[in-house]
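Report on the structure given below.
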2 protein chains.
Amino acid sequence: MPEQTSKSLILQQFIPYRMVNTAKRISDNLSKIYVSEHFGVTIPEWRILARLAEDERLNSRDIGRITMMDKSKVSRGVKLLDGKGLLIKEKDEQDHRVTYLSLSEAGCRLYHELAPRALEWESRLIRVLDTSEYRDLMRILEKLDKQLDSMES
Amino acid sequence: MPEQTSKSLILQQFIPYRMVNTAKRISDNLSKIYVSEHFGVTIPEWRILARLAEDERLNSRDIGRITMMDKSKVSRGVKLLDGKGLLIKEKDEQDHRVTYLSLSEAGCRLYHELAPRALEWESRLIRVLDTSEYRDLMRILEKLDKQLDSMES
DNA sequence: TATTATTGGTTTCACTTGAAACTAAATACA
DNA sequence: TGTATTTAGTTTCAAGTGAAACCAATAATA
């Protein structure tokens, strides 16, 4: 009987480890753009901003669902953005629990300052991938996401 | 003059966003195995454990450098593992600042309980990728890491 | 219509995190 | 030598996090 049947775990070849490490580096580096670099926006704020730039009049719940942030995070992000006058809030007339959020003038302006820099940073990052690799990565991420859906349920 | 030259940012197609989201889901799900599932090991502890299983007699600094954890995290992880009797510590005779760490009997045993489950979880995750996609992903992660190295400097 | 369950959103609380300060030891250099 | 710098590792502190409790409003059901 072999004393150690299992294929051994080598951290450098362990997908979860690699993905998490690389993603953290990406997040840390990119976030420097909006967090420090004179914009003073947190990551949750940035996500909400970006999401509202794509779709007007979302409520917190929608934003949470779409961006995979739990409701506390969204709530705090919204509070911060609102405090800076970057949002427009509209209470739903029918359902008084929900508030629709959109970007104010200032919110739009900030977004249009930030987005090009974020895109520029991304393009510098993925410059090392050729077009097929870029498509591969997207497809792989989609597949992994789908698999996670099924593993979570 | 065009009023909006920049390619617009769509969150779902923005690599940093996608990578960070997927990696977080992976981390959250996998960590359930060792955090809760009757092992009670934190993520930093697990990383140190796994790393020491691969290489004996590392000091905290080495572990930090290799696993990309800052020294506070390593320090706390080591303290926890040591408190459970999972480590062997040896002070360097020449340099009294450094302590070499190895797995104790119990540490080895715990590792050999955990590793197969982690690998099993990984294999369930990547089951959706065909062999070429698996290789693609590894190569892409390597390229991104290398690019991050150069962007950070 | 009263009662119960559900939902959108906020807040609390215990825990984790990383930057910075710190300690102790070793090294460099005057 | 002695003084300044660097390094291994710990601790402190302020901030961020998510689970759970909570509040108010709506929907479901008796």
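Just so we're clear, the structure is a prediction, and the values are computed from it rather than from any experiment. Letters A, B, ... mirror the listed sequences (proteins, then strands); counts begin at 1.
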message: Taking the nucleotide of DNA chain D with the nearest heavy atom to each, does B/D62 or A/K73 sit closer to the 5' end?
response: B/D62
Polar atom pairs (N or O), protein with nucleotides 12-15 of chain D, under 3.5 Å:
from, atom 1, to, atom 2, distance (Å)
D/dT12, O4, B/R76, NH2, 2.7

query: Would you call B/D145 and A/R18 a salt bridge, using N to O less than 4.0 angstrom?
result: yes
message: I'd like to know if A/E113 and A/R109 make a salt bridge, using a cut-off of under 4.0 Å between side-chain N and carboxylate O.
response: no
Between [X] and [N], is there a contact of a side-chain N or O with OP1 or OP2 at under 4.0 Å?
X: A/R61; N: C/dG8; result: yes
X: B/K24; N: D/dG18; result: yes
X: A/K79; N: C/dT11; result: yes

[atom1] of [X] versus [atom2] of [N]: gap in Å, rounded?
X: A/M69; N: D/dG16; atom1: CE; atom2: P; answer: 14 Å
X: A/L80; N: C/dT11; atom1: CG; atom2: P; answer: 12 Å
X: A/R65; N: C/dT7; atom1: CZ; atom2: P; answer: 13 Å
X: B/D70; N: C/dT17; atom1: CG; atom2: P; answer: 9 Å
X: B/L101; N: D/dA8; atom1: CG; atom2: P; answer: 14 Å
X: B/K71; N: C/dT23; atom1: NZ; atom2: C1'; answer: 11 Å
X: B/I43; N: D/dG18; atom1: CD1; atom2: P; answer: 12 Å
X: A/N59; N: D/dA25; atom1: CG; atom2: P; answer: 17 Å

- prompt: What residues in residues 83-96 of chain B put a non-hydrogen atom under 4.0 Å from any atom of DNA chain C?
  reply: B/Q94, B/D95, B/H96
Side chain of A/S60 - closest among C/dG9, C/dT6, D/dT7: C/dG9
task: Consider the side chain of A/R97, meaning its heavy atoms from C-beta on, and name the nucleotide among C/dT17, D/dT26, C/dA25 that approaches it most closely.
output: D/dT26
With heavy-atom distances below 4.5 Å as the criterion, would you say the side chains of [X] and [Y] are in contact?
X: A/Y111; Y: A/L52; value: no
X: B/I33; Y: B/L30; value: yes
X: A/K89; Y: A/L101; value: yes

message: Quick one about A/E45 and A/T42 (side-chain donor to acceptor, distance below 3.5 Å, no hydrogens or angles considered), yes or no?
response: yes
message: Can a side-chain donor-acceptor contact be found between B/N21 and A/R47 if the only test is distance below 3.5 angstrom?
response: yes
query: Which pairs, with at least one residue in residues 45-81 of chain A and sequence neighbours excluded, count as a ring-ring contact (aromatic ring centres under 6.0 Å, His included)?
result: A/Y34-A/W46
task: Taking all non-hydrogen atoms of both residues into account, name the closest pair between B/D62 and B/R65 and its distance.
output: OD1-NH2, 2.8 Å
- request: Just call it for B/T42: base, sugar-phosphate, or nothing, with non-hydrogen atoms closer than 4.0 Å on any strand.
  value: nothing
query: Between A/N59 and A/T99, does a side chain to side chain contact (heavy atoms under 4.5 Å, CB included) hold up when you go through it step by step?
result: CA-CA 6 Å; A/N59 62 18; A/T99 306; 5.9 Å; no
